[in-house]
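Below you'll find the structure, written out as structure tokens, and then a few comments.
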Amino acid sequence: ASAAHAAQGADPIKIALVHGLSGHPFAVFSKQTHTGFMLGLEYATKGTMMVKGRKIEVISKDTKFKPDIARAVLAEAYGDDGVVLAVGATSSGVTKSLLPVAKEYKKILVIEPAVADSLTGKDASKYIFKTSRNSSMDMQAQARALHPGKDLVVATLAEDYVFGRDGIKAFKAALKGTGATIAHEEYVPVKTTDYTAPAERIFNALKDKKGRKVLMIYIANPSGALAKIAALKPGRFGIKISAGGHILPVLPNYKVVPGMEGATYYYYGIPKNRINDWLVKEHEKRFKSPPDFFTAGGMAAALAVVKALRTAKSYKSDDLIAAMEGMKWETPKGTMVFRKADHQALQDMYHFR
């Protein structure tokens, strides 16, 4: 009884979720991540929301998708709120601005769901762990889905910021040595709505090439680009379109490219394991819809956090880092492992048609 009383009186384990919840269309990604994170905590603790007799307290912070606000709220979480670690953020550009804050406060930032390779690059520190996939994983899978060989000629279309630039750099690296050729790279401003001019440049670069001609689109929400470019009839030049998977509300827009092949991070019907079965069943029961792209990511992050909290000697950052480096854990996507070299979580990707 004394032990139970002491556990009830112990300070909570505070965790911050630092994401853009307003002011941007990508807020839906953040909300999915939050839903998945809370479901992950529930699954990992068997509904108790406790680890080692201490309650987990989740503190939500809104970055509003602005780097200065993001830095301020993360500093507030580490300092005033006294969180053990933080999870965030959504935009790769905003997340990159958080790297120095984690280093300054010497506290862990688990990156989810931002994607860019550079988030675990030269500007990162030992305090950065990343459960989300990275651009290289997207592009290694995307390259494989195109069946690369000497007969493949590709043009790329991406948005002109860290997500797009890192993605195309990774795609080129993934094709290296396969014999495939990159004929043209096109970068457009974020929120571009008129793709006529870039599409014309792409068509001109590909139309006289021999072999299989593919336009690979790497845009955070590709549905607008898919529709606009498909309407320009690239097929008249023998050009096919490829793009990565996306959240469920976006997928109906892919009907403009029947038969398209690409790579995806998650689709609820693909993984076959006990955790994904639970996630699908519970999400459909509670929200009347299946879990989505970033719901799975949020759950994976929560499962990693709980395992680290259970296995670390203490909740000091160095002890958590020691527990997390090389750590394996189970997720809706199957087994993940934090790569020791840069703390990127290695994980499965999927090929779809």
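Hydrogens, waters and symmetry mates play no part in the numbers below; they use all other heavy atoms, side chains included. On a predicted model such as this, the values are computed, not experimentally measured, just so you know.
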side-chain hydrogen bond (donor to acceptor under 3.5 Å, both in side chains) with His246: which residues, sequence neighbours excluded?
none
Measure the NZ-CD1 distance between Lys55 and Ile13 for me, rounded to the nearest 0.5 Å.
11.0 Å
Any Met349 side-chain heavy atom under 4.5 Å of Lys333 side chain:
yes
Please check this pair: side chain of Asp138 against backbone of Gly167, looking for a donor-acceptor N/O pair closer than 3.5 Å.
no
Taking it one step at a time, do Lys106 and Asp318 satisfy salt bridge (Lys or Arg N to Asp or Glu O under 4.0 Å)?
CA-CA 9 Å; Lys106 298 181 179 179; Asp318 284 344; over 6 Å; no
CD-CD distance between Glu186 and Glu200, expressed to the nearest 0.5 angstrom
10.5 Å
One should read off an interatomic distance between His184 NE2 and Lys209 NZ, to the nearest 0.5 angstrom, of 11.5 Å
Compute the ring centroids of Phe338 and Phe129, then answer whether they are less than 6.0 Å apart.
yes
Not counting sequence neighbours, which residues clear side-chain hydrogen bond (donor to acceptor under 3.5 Å, both in side chains) with Glu159? List them please.
none
Test item: Thr131 and Trp329 side chains (from C-beta on) under 4.5 Å apart, heavy atoms:
yes
With the side chain counted from C-beta on, respond yes when Phe26 and Phe65 share a heavy-atom pair under 4.5 Å apart, and no when they do not.
yes
Of all the heavy-atom pairs spanning Lys66 and Val94, show the shortest one and how long it is.
N-CG2, 4.2 Å
Candidate pair Asp319 and Lys316, rule salt bridge (Lys or Arg N to Asp or Glu O under 4.0 Å), full reasoning
CA-CA 5 Å; Asp319 287 336; Lys316 293 179 180 178; over 6 Å; no
Residue set satisfying salt bridge (charged side-chain N to carboxylate O under 4.0 Å, His left out) with Lys172, at least two apart, ordered chain then number -> Glu185
Indicate the atoms forming the closest heavy-atom contact of Ile229 with Phe203, along with that distance.
CG2-CZ, 4.2 Å
Mind checking what makes side-chain hydrogen bond (donor to acceptor under 3.5 Å, both in side chains) contact with Lys328, not counting sequence neighbours?
none
Minimum heavy-atom separation for Ser118 to Leu99, with atom names?
O-CD1, 4.4 Å
Checking Asp151 now: which residues fulfil salt bridge (charged side-chain N to carboxylate O under 4.0 Å, His left out) with it, not counting sequence neighbours?
Arg212
CG-CD1 distance between Leu175 and Ile182, expressed to the nearest 0.5 angstrom:
5.0 Å
For Ala296 against Leu279, the heavy-atom pair lying closest together
CA-CD2, 4.2 Å
How long is the gap from CG on Asp166 to CG on Asn134, to the nearest 0.5 Å?
9.0 Å
Does the side chain of Lys103 reach to within under 4.5 Å of the side chain of Ile128, using non-hydrogen atoms?
no
Compare all side-chain heavy atoms of Lys107 with those of Leu85 and state whether any distance is below 4.5 angstrom.
no
Where do Leu21 and Ser30 come nearest, in terms of heavy atoms and distance?
CD2-CB, 3.9 Å
Tell me whether Asn276 contacts the main-chain N or O of Asn273 through its side chain, where contact means a donor paired with an acceptor under 3.5 Å.
no
Group every Ile, Leu, Val, Met, Phe, Trp and Tyr by side-chain heavy-atom contacts under 4.5 Å, then state whether Leu109 and Val58 land in the same group.
no
If you measure from CD on Glu104 to OG on Ser125, what distance do you get to the nearest 0.5 Å?
11.5 Å
Apply side chain to side chain contact (heavy atoms under 4.5 Å, CB included) to Glu261 and His351, showing your working.
CA-CA 7 Å; Glu261 294 188 39; His351 179 177; 2.8 Å; yes
Polar side-chain atom of Ser92 near backbone of Ala116 as donor-acceptor pair, under 3.5 Å
yes
What orientation do Tyr218 and Phe163 show, parallel under 30°, tilted 30 to 60°, or perpendicular over 60°?
parallel
Test item: Ile108 and Met324 side chains (from C-beta on) under 4.5 Å apart, heavy atoms
yes
Are Gln32 and Thr35 close enough that some pair of their side-chain heavy atoms sits under 4.5 Å apart?
no
Just wondering, do Pro291 and Tyr266 contact through their side chains at under 4.5 Å, heavy atoms?
yes
Any side-chain donor-acceptor pair under 3.5 Å between Thr33 and Glu112?
no
side-chain hydrogen bond (donor to acceptor under 3.5 Å, both in side chains) with Asp80: which residues, sequence neighbours excluded?
none
May I ask you to check whether Phe293 and Phe29 place their ring centers less than 6.0 Å from one another?
no
On a heavy-atom basis, the closest approach of Ala77 and Lys61 is CB-CE, 4.1 Å
